[in-house]
Amino acid sequence: MTFSLQYYLVNHPAIVDFRWTEGQTLGSTPLFLTLTVISYLLITFLLSSLHLPPVKPHLLKPIIAVHNIVLLLLSFTMAVGGCLSSLLHPPNIHWIICIPPKTPPTGPLFFWAYIFYLSKILEFVDTLLIILSGSIKRLTFLHVYHHATVVIMCYIWLHTSQSLFPAVLVTNATVHVLMYTYYLSCALGLRPRWKKVVTEFQIAQFKYSFVVMAVMLGFHFTGSSGCSGIWGWCFNVVFYASLLVLFVDFHTKNYGGSLKSKNKSVNGVNGVIKVCDMDKRS
Ligand SMILES: CC(C)(COP(=O)(O)OP(=O)(O)OC[C@H]1O[C@@H](n2cnc3c(N)ncnc32)[C@H](O)[C@@H]1OP(=O)(O)O)[C@@H](O)C(=O)NCCC(=O)NCCSC(=O)CC(=O)O
């Protein structure tokens, strides 16, 4: 059989026949979700309050590099898989933003939503690596809040067949390709000059998501049947609004000034070193 991206990412029987069934699919019960999030928060709190000695960089850096390569490749696959499934598989292209009510969570789009959900649990390892490296000051509210809450958002997507998730999934997975390339470069001892660009792409994705959410609301109230997952929509709005505020704050603290202003120290000849120095001070 010749290699076909469409076959392996959309039309493979395991993907087409995927079905999220509560109590049967791994990780599909509210109990699993609750225990996962509570365990993440408890382990993070306990490990960070133990003040463990940092693991030696020559031991930890290769592990961090492998972790970032895995998430980089996974994010890329999810972005392409989610994009192809959105364009090729739904009965109607309109599904990218508005899924009809009572649609069962089955088929390629929901397969990628499920992989995305599991990948958010794998991202918990980011937190562990921060703790093991001894950089406790990098364990910010933004980081822990994001990692704990995003898993709940993904669960709601699957549980309610929530409209708009395909657009958000593809955007976030694409931004994460950039983010994990940045983290991989750091783990390899490089200090990319484009750290600020990563943050600005993250902020842009939240703003873009509000446009998508507004369009979905329009479809919901003007279409004949409405869109599924309107309560999940409310969760998404609150979560993304809070992330937007936190990321704008992160931007101001790390790069100074407004989003539009050019920070000479970031873009200058020695930009790389100055960005890192600023981080260490903040
Ligand atoms: C540029 C950012 C992507 C990252 O900002 P940071 O302040 O974390 O960046 P930094 O320069 O301190 O990171 C370099 C350090 O990270 C370490 N590092 C490497 N891989 C890592 C990983 N997978 N997770 C966490 N840290 C990691 C490197 O070894 C290096 O350590 P050392 O310096 O010791 O060598 C930013 O925009 C951002 O996201 N800030 C919020 C912080 C955060 O936790 N973000 C990720 C989840 S939020 C998210 O994911 C939103 C979204 O969905 O888009």
Side-chain angles (χ1 to χ4, degrees), residues 40 44 48 54-75 78-79 116-117 119-154 165 168-209 236 239-255 259 266 271-282:
Y40 167 72
T44 300
S48 58
V55 175
K56 294 210 163 35
H58 73 276
L59 295 176
L60 196 58
K61 292 277 176 183
I63 298 171
I64 297 180
V66 170
H67 170 70
N68 287 320
I69 291 170
V70 170
L71 277 166
L72 169 55
L73 295 177
L74 188 58
S75 301
M78 290 186 298
F116 192 75
Y117 168 57
S119 79
K120 295 301 167 192
I121 298 174
L122 181 60
E123 285 183 15
F124 287 172
V125 175
D126 294 344
T127 313
L128 185 64
L129 295 175
I130 290 176
I131 295 169
L132 294 179
S133 68
S135 328
I136 296 297
K137 71 174 190 302
R138 294 191 54 242
L139 203 61
T140 55
F141 173 77
L142 187 169
H143 176 90
V144 178
Y145 167 69
H146 169 272
H147 278 53
T149 315
V150 79
V151 185
I152 303 172
M153 179 188 81
C154 296
F165 85 75
V168 174
L169 184 157
V170 173
T171 319
N172 187 253
T174 307
V175 170
H176 275 209
V177 170
L178 197 63
M179 188 181 92
Y180 282 108
T181 305
Y182 170 78
Y183 277 138
L184 175 62
S185 308
C186 287
L188 296 176
L190 306 167
R191 288 292 179 174
R193 300 171 66 124
W194 38 270
K195 174 175 179 177
K196 185 180 175 185
V197 175
V198 185
T199 310
E200 290 182 352
F201 266 97
Q202 288 170 308
I203 291 172
Q205 79 171 320
F206 299 127
K207 291 182 177 168
Y208 154 84
S209 299
N236 254 83
F239 181 43
Y240 268 40
S242 60
L243 284 181
L244 181 59
V245 170
L246 289 167
F247 268 89
V248 169
D249 180 58
F250 177 91
H251 189 285
T252 309
K253 286 185 177 143
N254 281 267
Y255 316 113
L259 276 175
V266 171
V272 176
I273 295 160
K274 287 182 179 168
V275 169
C276 296
D277 287 346
M278 274 196 289
D279 293 340
K280 300 276 179 276
R281 283 203 301 271
S282 61

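Just follow the structure's listing: the first ligand is 1, and inside any ligand the first atom is 1. Every value quoted in this text rests on a predicted model; they were computed, and no experiment measured them.
Below 4.0 Å from some heavy atom of Asp126 lie the following atoms of ligand 1, by number and element: 22 (C), 23 (N), 24 (N). Atoms of ligand 1 found under 4.0 Å from any heavy atom of Cys186, numbered from 1 in the order shown, are 14 (C), 28 (C), 30 (C). Remark: ligand 1 atoms within the under-4.0 Å shell around heavy atoms of His147 are 47 (C). Heavy-atom proximity to His143, at under 4.0 Å, picks out these atoms of ligand 1: 43 (C), 44 (O). Proximity to Ile130 (heavy-atom distance under 4.0 Å) selects the following atoms of ligand 1: 25 (C), 26 (N). Taking a cut-off of under 4.0 Å to the non-hydrogen atoms of Val198, the atoms of ligand 1 that pass are 3 (C).
Within the model, atoms CG of Asp249 and CG of Leu244 stand 11.0 Å from one another, a figure rounded to the nearest 0.5 Å. For the atom pair CE of Met179 and CD of Gln205, the computed distance is 9.5 Å after rounding to the nearest 0.5 Å. The CG atom of Leu72 sits 13.5 Å away from atom OH of Tyr183, with the distance rounded to the nearest 0.5 Å. Ile121 contributes atom CD1, which lies 9.0 Å from atom SG of Cys154 (distance to the nearest 0.5 angstrom).
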Evaluation steps, side chain to side chain contact (heavy atoms under 4.5 Å, CB included), between Glu123 and His176: CA-CA 11 Å; Glu123 285 183 15; His176 275 209; 3.2 Å; yes
Full working for side chain to side chain contact (heavy atoms under 4.5 Å, CB included) between Thr199 and Lys196: CA-CA 5 Å; Thr199 310; Lys196 185 180 175 185; 5.7 Å; no
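Side-chain atoms of Tyr40 and Thr127 include a donor-acceptor pair closer than 3.5 Å.
For Gln205, a nitrogen or oxygen atom sits less than 3.5 Å from a nitrogen or oxygen atom of ligand 1, counting backbone and side chain alike. In terms of polar-atom proximity, defined here as any N/O pair under 3.5 Å, Thr199 does make such a contact with ligand 1. Taking only nitrogen or oxygen atoms, main chain and side chain alike, Glu123 does not reach within less than 3.5 Å of ligand 1. Note: no N/O pair closer than 3.5 Å links Tyr180 and ligand 1 by distance alone. Considering backbone and side-chain N/O atoms, Thr140 never comes within less than 3.5 Å of an N/O atom of ligand 1.
No donor-acceptor distance shorter than 3.5 angstrom exists from the side chain of Thr149 to the backbone of His146, with no hydrogens or angles considered.
Residue contacts with ligand 1, taken as heavy atom pairs separated by less than 4.0 Å, involve Asn68 solely via side-chain atoms from C-beta onward. Contacts of Asn172 with ligand 1, taken as heavy-atom pairs under 4.0 Å, involve the side chain alone. Here Ile64 has side-chain heavy atoms under 4.0 Å from ligand 1, and that is the only part of it that gets that close. Contacts between Leu184 and ligand 1 below 4.0 angstrom, taking non-hydrogen atoms only, are absent altogether. Contacts between Arg191 and ligand 1, counted as non-hydrogen atom pairs separated by less than 4.0 Å, involve the side chain only.
Closest heavy-atom approach to atom 9 (O) of ligand 1 among the candidates Lys253, Met179, His146, Lys195: Lys195. Here the shortest heavy-atom distance to atom 13 (O) of ligand 1, taken over Arg138, His67, His251, belongs to Arg138. When Tyr183, Tyr255, Tyr145, Phe250 are ranked by how near their heavy atoms come to atom 45 (N) of ligand 1, first place goes to Tyr183.
Residue contact check for ligand 1: His176 places a non-hydrogen atom closer than 4.0 Å to it. Under the 4.0 angstrom criterion for non-hydrogen atoms, Lys196 is not in contact with ligand 1.
Take Leu122 and apply the side-chain contact (heavy atoms from CB on, under 4.5 Å) test, not counting sequence neighbours, and it matches Val70, Leu71, Leu74, Val125.
In this structure, Phe239 has its ring center under 6.0 Å from that of Tyr145.
Between Phe250 and Tyr255, the angle of the ring planes goes over 60°, which puts this pair in the perpendicular group of the 30/60° scheme.
For residues 55-67, the set of pairs meeting the side chain to side chain donor-acceptor pair (under 3.5 Å) definition, not counting sequence neighbours, comprises His67-Asp126.
More than 12 heavy atoms of other shown residues, nucleotides or ligands fall within 6.0 angstrom of atom CZ in Phe124.
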